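For reference, the structure discussed in these notes is given below.
The chains referred to below are lettered A, B, ... by the order of the sequence lines, with proteins before strands, and numbering in each begins at 1. As the structure is a prediction and not an experimental result, all values here were calculated from the model.
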There are 2 protein chains.
Amino acid sequence: MQIMHTVQGMESPQERRERRRAEKRQAIRMAAVKIALDDGLEAATVEAISAAADISPRTFFNYFASKEEALVMEPVWRPDELLELLERRPGDEPVFQSLQAVIRTVAVRVRQAWQDMKPFGELRRRHPELAARAAAVDETKVIETIFEAVRARPGVTGRMHARLLIIGSFGALISAVQESLETGEALEDLLDEAFTLLENGL
Amino acid sequence: MQIMHTVQGMESPQERRERRRAEKRQAIRMAAVKIALDDGLEAATVEAISAAADISPRTFFNYFASKEEALVMEPVWRPDELLELLERRPGDEPVFQSLQAVIRTVAVRVRQAWQDMKPFGELRRRHPELAARAAAVDETKVIETIFEAVRARPGVTGRMHARLLIIGSFGALISAVQESLETGEALEDLLDEAFTLLENGL
DNA sequence: TGCAGGACTTGCAGACTGTGCAAATTATGC
DNA sequence: GCATAATTTGCACAGTCTGCAAGTCCTGCA
């Protein structure tokens with residue numbers, strides 16, 4: 001598997017097992033994506049992936065609930081994490097700033113995962129249906145999760161305002177990521193630019 | 001199948017067959033959703049659906065590419081339709097107005113399909129994973145499709161501006177639909193409200 | 001060293017989705 | 001009615017995914 005781990009101090013048996021599991025998961029992913037990119041999505045059957053990852057087909061499903069899950073990147077954020085990030089902001093901070101701060105945190109993670117994303121990005125480009133199939137995070141789910149927290153912040157004038165703020169914030173992220181991919185400009189700068197546009201009106 | 005058709009004049013054999021096909025498709029959908037709502041998603045196998053719709057399992061797949069497709073509503077718009085709607089607007093009209101007009105057209109369709117949506121909405125509520133699985137329209141796909149057309153319109157200051165406008169417009173639609181569902185207010189009024197918020201800044 | 005217990009892996013059987021192909025059935029135009 | 005085209009269907013088969021039970025590996029501890 002060849003994974004370098006920078007052990008820094010103790011590690012409980014529990015942590016150890018979790019780390020091993022995560023590593024193996026990633027190794028299986030890599031095998032899956034490699035096959036799909038080299039020989040086509042058709043060739044990436046569970047049987048082939050398992051063989052490449054040196055596990056039995058049955059074991060594959062101990063690591064992934066579906067084949068597609070192995071062919072897309074691990075999401076860099078989950079709805080409940082966003083809620084947590086948001087709640088950590090000072091309570092009297094205006095919504096707009098809070099959201100901008102939260103999204104910026106996510107953006108940093110995206111940037112850090114940038115390199116790992118490359119093969120997955122290419123695969124996604126060749127097979128857009130994968131994205132839909134394995135849609136990591138449901139937009140509606142996000143809104144639902146952080147809606148109340150957003151609504152409670154200073155500066156929110158109504159329920160629709162809250163929803164638009166959420167969608168707009170993610171729109172800013174998506175736009176900035178896309179633009180950064182195409183032009184190479186710094187992600188964080190583009191993100192600020194996007195938020196400025198949102199704040200001042202489209 | 002019991003479908004009332006208001007024949008108004010001639011109908012080419014081609015049209016006739018298409019209509020029949022659409023009707024049958026809808027009938028199969030209804031059977032599928034009824035089973036899923038009555039007996040649970042588990043019970044809605046292709047075999048059961050086919051039996052209820054009085055067709056063979058093989059025929060089911062002549063109408064739907066996947067089982068999930070039968071369990072979600074027919075999308076009320078497609079990306080290329082949006083492009084068409086957009087291109088039909090006067091060329092010197094400011095982006096914002098153009099987009100607002102396009103989205104309003106879509107909103108009208110949504111409102112018209114409102115009644116049919118009810119069972120599907122309930123099913124989606126009970127099984128959110130369906131939405132992700134059968135994600136009718138990929139967000140990225142929409143942006144990609146109408147991006148250039150938006151960018152070419154008067155009032156667009158840059159590529160990110162264009163993307164934000166697109167995402168924001170759909171955000172307005174989503175927010176308005178959601179709000180209308182919850183409060184019962186008129187969809188079109190809410191939509192205008194949302195666009196005003198976008199235009200003046202969040 | 002060796003063993004008891006837990007965690008992980010695997011094989012197997014089986015339900016289900018989805019597809020190609022060719023035969024059977026049905027509809028349509030003349 | 002009949003020739004033809006469209007639709008439906010059966011059949012075989014590849015592939016995904018699950019439950020279950022047996023096998024294997026690892027760990028700590030006597």
Side-chain angles (χ1 to χ4, degrees), chain A residues 1 3 5 7 10-29 31-33 35-36 39-72 127 129-130 132-135, chain B residues 1 3 5 7 10-29 31-33 35-36 39-72 127 129-130 132-135:
Chain A
M1 242 194 289
I3 290 160
H5 24 97
V7 183
M10 287 298 180
E11 188 184 34
S12 81
Q14 182 65 15
E15 291 170 331
R16 178 190 171 80
R17 271 189 287 108
E18 272 177 30
R19 178 175 53 74
R20 298 255 258 207
R21 183 176 173 78
E23 286 171 358
K24 197 154 189 173
R25 193 176 150 95
Q26 200 56 18
I28 298 172
R29 266 220 176 86
V33 173
I35 293 175
D39 309 337
L41 194 52
E42 297 261 292
T45 65
V46 171
E47 197 180 0
I49 297 169
S50 306
D54 206 36
I55 55 173
S56 79
R58 186 60 186 83
T59 301
F60 176 90
F61 289 107
N62 289 343
Y63 284 87
F64 298 95
S66 74
K67 192 184 75 169
E68 281 78 17
E69 195 180 330
L71 290 169
V72 298
H127 305 277
E129 71 274 17
L130 267 183
R133 274 286 199 176
Chain B
M1 242 192 293
I3 290 159
H5 24 97
V7 183
M10 288 298 178
E11 186 185 35
S12 82
Q14 183 65 15
E15 292 168 331
R16 176 188 173 78
R17 272 188 287 109
E18 272 177 31
R19 178 176 53 74
R20 300 254 260 205
R21 183 176 174 78
E23 287 170 357
K24 198 155 192 172
R25 194 176 148 93
Q26 199 56 19
I28 298 172
R29 267 223 174 81
V33 173
I35 293 175
D39 309 338
L41 194 51
E42 298 260 291
T45 65
V46 171
E47 197 180 0
I49 297 169
S50 306
D54 206 36
I55 57 174
S56 78
R58 185 63 185 81
T59 301
F60 176 89
F61 290 107
N62 290 343
Y63 284 87
F64 298 95
S66 73
K67 195 184 73 170
E68 281 79 18
E69 194 180 332
L71 289 170
V72 298
H127 305 278
E129 70 274 16
L130 267 182
R133 273 285 200 180

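Taken to the nearest 0.5 Å, the NZ atom of B:Lys67 stands 8.0 Å off from the CZ atom of B:Phe60.
With sequence neighbours excluded, no residue forms a side chain to side chain contact (heavy atoms under 4.5 Å, CB included) with A:Ala22. For the side chain to side chain contact (heavy atoms under 4.5 Å, CB included) test, residues two or more places apart in sequence or in another chain that qualify with A:Ala32 are A:Ile49, A:Ala70, A:Leu71.
Distance CD (B:Glu129) to P (D:dC17): 14 Å, rounded to an integer number of Å. Rounded to whole angstrom, the span from the CZ atom of B:Arg20 across to the P atom of D:dT7 amounts to 10 Å. Counting to the nearest Å, the C1' atom of C:dG18 and the CD atom of B:Glu68 are 11 Å from each other. Taking atom CZ on B:Arg19 and atom C1' on C:dT28, their separation rounds to 15 Å, with Å as the unit. If you take NZ of B:Lys67 and C1' of D:dT16, they are 13 Å apart, rounded to a whole angstrom. At whole-Å resolution of the value, CG in B:Leu71 and P in C:dG18 are 10 Å apart. As rounded to whole Å, 13 Å separates atom C1' of D:dG15 from atom CZ of A:Phe60. One interatomic measurement links the two molecules: CZ of A:Phe61 to C1' of C:dC16, which rounds to 13 Å at whole-angstrom precision.
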Under 3.5 Å, which donor-acceptor pairs link side chains of residues 50-59 of chain A to any protein atom two or more places apart or in another chain?
residue, atom, partner, partner atom, Å
A:Ser50, OG, A:Val46, O, 2.6
A:Ser56, OG, A:Arg58, N, 3.4
A:Ser56, OG, A:Thr59, N, 3.2
A:Ser56, OG, A:Thr59, OG1, 3.0
A:Arg58, NH1, A:Asn62, OD1, 3.3

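Heavy atoms only, all atoms of each residue included: B:Phe64 and B:Arg29 are closest at CZ-CG, 3.7 Å.
Axis angle across the helix from C:dT1-D:dA30 to C:dC30-D:dG1, with five pairs used at each end and values rounded to 10°: 10°.
Partner B:Glu23 forms a side chain to side chain donor-acceptor pair (under 3.5 Å) with one of B:Arg20, B:Arg19, B:Arg25 and no other, that one being B:Arg19.
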Tabulated below should be each protein N or O lying under 3.5 Å from an N or O of nucleotides 3-10 of chain C; please produce it.
residue, atom, partner, partner atom, Å
C:dT9, OP1, A:Lys24, NZ, 2.9
C:dT9, OP1, A:Tyr63, OH, 3.2
C:dT9, OP2, A:Tyr63, OH, 3.3
C:dT10, OP2, A:Ser56, N, 2.9
C:dT10, OP2, A:Thr59, OG1, 2.6
C:dT10, O5', A:Ser56, OG, 3.4

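In this structure, the side chains of B:Tyr63 and B:Glu69 stay at 4.5 Å or more apart for every pair of heavy atoms.
For DNA chain D, no neighbouring residue in residues 40-49 of chain B is found when judged by any heavy atom under 4.0 Å.
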